[in-house]
Structure formats: C-alpha cells, structure tokens
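Here is the structure we will look at.
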Amino acid sequence: MSRKTMALVAGAVVAGVLAAGGWAGYRHLEGQVAPGEVLRGYDATTPAGVAPHSEDIFTGRVKAFEEQRDLQSWTSDIYRVEVTSVLRGDVRGTVRVTYAPEYEPRPRLADGETYVFATRTWEDSVIQNGHAQMFKGDMEPVDDQQLAVWREALTLLVEPGR
C-alpha cells in the first residue's frame, strides 16, 4: 500500500472513532435530561454557580409582571424591574427581566418586592432592553444574608488562588 493510501485509511479510522465517541457521549447526556428539561454546564441554583456566567448582578424592585411568552422554546415570565443597586455590571434604570422557573407551579415575583437578579443580556433583540435571569434557585425578597452570599460569590471570582 502506498503512503497516501495508508494516510487516507488512518484518517478514515480516526474520523470513525471520533464520530462513534461523540455519538456515545451524546447518548450518555441525552439520558440525563427528560423532555422539557435543560442540561447546563453550571449550577443554576447557587450564587457561586451562577455568578461566573452572569454579565450583571443587581438588586431590583419588581414594578410589574408584563406577560408570559415562549422564548427560544422556553416559557418565560417577563417583569419590568427598576434597578436599585448594582453588584456587578453596568445595568441602570428600568429593565425587562425574563424569569423561567424550572418547576411547577410557576411562582410569580411579587410587585413592589426587591430581589437579587443575576442576568445576561438577551441577544438579537429577543426582548427589548431584556435580561435573562440566570439564577434558577428560589427567588425570595432580598435580605442582608442573601446579599452577603452574592457578594461572597463575586469575591471568589476576583481572588486569585481560590
């Protein structure tokens, strides 16, 4: 066999092995997720898990529930939120935040209450002035203990060696 033929055969074998390994890995992950669930690469239920993936972390007072809409195959509640203080990022004023709790019944955020929001800006103008809530844990009105936990999560991001 010529060198060229050997190289082509070796390349085909490697491609086959990679394809089979990728398919096996996909099947492994597919078995972990039920229909309607999302597989994330981070823990969306803890501040320490969410903080590294959020552009903005802020406290905000819910001004109003606006609507419920399907966004990218996920049912989300949309709230108008007035930013009251910023822990990370440059968000200001009144923004629209999408929140999609992962459990039923879907609890609504209370108008007039202040919560901690950890968000990413919606791409491609899916929601005008919109931010997607990354935190999927229990949303409770903010208190000093919650703020301390979020500040600690942010500290872990900037302290070397932690």
Side-chain angles (χ1 to χ4, degrees), residues 19 21-158 162:
W23 177 251
Y26 168 78
R27 298 296 295 172
H28 169 73
L29 292 175
E30 183 181 50
Q32 296 178 20
V33 181
E37 292 181 349
V38 175
L39 183 63
R40 289 189 182 82
Y42 67 97
D43 182 358
T45 62
T46 66
V50 173
H53 304 282
S54 300
E55 292 172 356
D56 298 297
I57 300 175
F58 59 94
T59 60
R61 185 175 59 82
V62 174
K63 293 178 85 171
F65 168 79
E66 289 188 353
E67 65 179 315
Q68 190 174 76
R69 188 189 312 171
D70 283 342
L71 300 170
Q72 299 177 347
S73 303
W74 197 259
T75 303
S76 296
D77 293 340
I78 302 172
Y79 295 90
R80 193 170 55 254
V81 176
E82 179 182 8
V83 177
T84 55
S85 69
V86 178
L87 302 172
R88 177 183 186 183
D90 59 2
V91 66
R92 300 282 185 268
T94 299
V95 296
R96 298 172 79 203
V97 177
T98 60
Y99 175 53
E102 297 183 348
Y103 48 86
E104 298 287 340
R106 299 172 65 85
R108 287 255 162 88
L109 303 181
D111 289 356
E113 291 288 350
T114 301
Y115 299 89
V116 176
F117 294 93
T119 66
R120 292 188 67 82
T121 304
W122 272 102
E123 299 295 323
D124 302 326
S125 301
V126 172
I127 297 290
Q128 184 178 13
N129 196 22
H131 296 261
Q133 172 72 335
M134 304 294 288
F135 180 68
K136 302 298 180 187
D138 291 331
M139 290 289 288
E140 298 291 333
V142 69
D143 59 23
D144 290 340
Q145 182 180 3
Q146 270 188 65
L147 283 176
V149 170
W150 279 100
R151 285 187 177 114
E152 174 67 17
L154 288 169
T155 302
L156 294 174
L157 295 177
V158 296
R162 275 188 101 175

Tell me, please, which residues at least two apart from [X] pass side-chain hydrogen bond (donor to acceptor under 3.5 Å, both in side chains).
{"X": "T45", "answer": "D43"}
{"X": "E113", "answer": "none"}
{"X": "D90", "answer": "none"}
{"X": "E140", "answer": "none"}

Kindly give the heavy-atom pair with the smallest separation between [X] and [Y], and that separation in Å.
{"X": "L109", "Y": "V62", "value": "CB-CG2, 4.1 Å"}
{"X": "T98", "Y": "S76", "value": "CB-CB, 4.1 Å"}
{"X": "A48", "Y": "P52", "value": "O-CD, 3.2 Å"}
{"X": "P47", "Y": "V149", "value": "CG-CG1, 3.5 Å"}
{"X": "L154", "Y": "A51", "value": "CD2-CB, 4.4 Å"}

- Taking only residues two or more places apart in sequence or in another chain, which ones pass side-chain contact (heavy atoms from CB on, under 4.5 Å) with E67?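 R69, I78, R96.
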- Residues two or more places apart in sequence or in another chain: which of them pass side-chain contact (heavy atoms from CB on, under 4.5 Å) with D70?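 side-chain contact (heavy atoms from CB on, under 4.5 Å) check on D70 returns T75.
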Which distance, rounded to the nearest 0.5 Å, do you find between the [atom1] of [X] and the [atom2] of [Y]?
{"X": "T119", "Y": "Q133", "atom1": "OG1", "atom2": "CD", "result": "7.0 Å"}
{"X": "I57", "Y": "M134", "atom1": "CD1", "atom2": "CE", "result": "10.0 Å"}
{"X": "L147", "Y": "E152", "atom1": "CG", "atom2": "CD", "result": "13.5 Å"}

- Evaluate the side-chain proximity of V50 to K136: yes if any heavy-atom separation is below 4.5 Å, no if none is.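 Heavy-atom side-chain distance check fails, nothing below 4.5 Å.
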- Task: Could you point out which residue of W150, F117, F58 forms a side chain to side chain contact (heavy atoms under 4.5 Å, CB included) with L87?
- Result: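 Per the side chain to side chain contact (heavy atoms under 4.5 Å, CB included) rule, the option paired with L87 is W150, out of W150, F117, F58.
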- Task: Please list, chain by chain and in numerical order, all residues satisfying ring pair (Phe, Tyr, Trp, His ring centres under 6.0 Å) with Y115, sequence neighbours excluded.
- Result: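 Ring pair (Phe, Tyr, Trp, His ring centres under 6.0 Å) list for Y115, sorted by chain: empty.
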- Who pairs with Y79 by ring pair (Phe, Tyr, Trp, His ring centres under 6.0 Å), at least two apart in sequence or on another chain?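 Y79 satisfies ring pair (Phe, Tyr, Trp, His ring centres under 6.0 Å) with F65 once adjacent residues are dropped.
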- Task: Provide the full list of salt bridge (charged side-chain N to carboxylate O under 4.0 Å, His left out) pairs with a residue in residues 71-81, sequence neighbours left out, each pair given once.
- Result: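 Sorted result for residues 71-81: E66-R80, D77-R106, D77-R108.
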- Query: Which pairs count as salt bridge (charged side-chain N to carboxylate O under 4.0 Å, His left out) when at least one residue sits in residues 55-65, sequence neighbours excluded?
  - Reply: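 Qualifying pairs: E55-R120, R61-E82.
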- Message: With a 3.5 Å distance limit and no angle check, can you tell me whether T59 reaches the backbone of S85 through a side-chain donor-acceptor pair?
- Response: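 Yes, because the side chain of T59 sits within donor-acceptor range (under 3.5 Å) of the backbone of S85.
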- Task: Taking atom CG of D143 as the centre, report whether more than 12 heavy atoms of other residues, nucleotides or ligands fall under 6.0 Å from it.
- Result: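 Counting neighbours around CG of D143, more than 12 heavy atoms of other residues, nucleotides or ligands fall under 6.0 Å, so yes.
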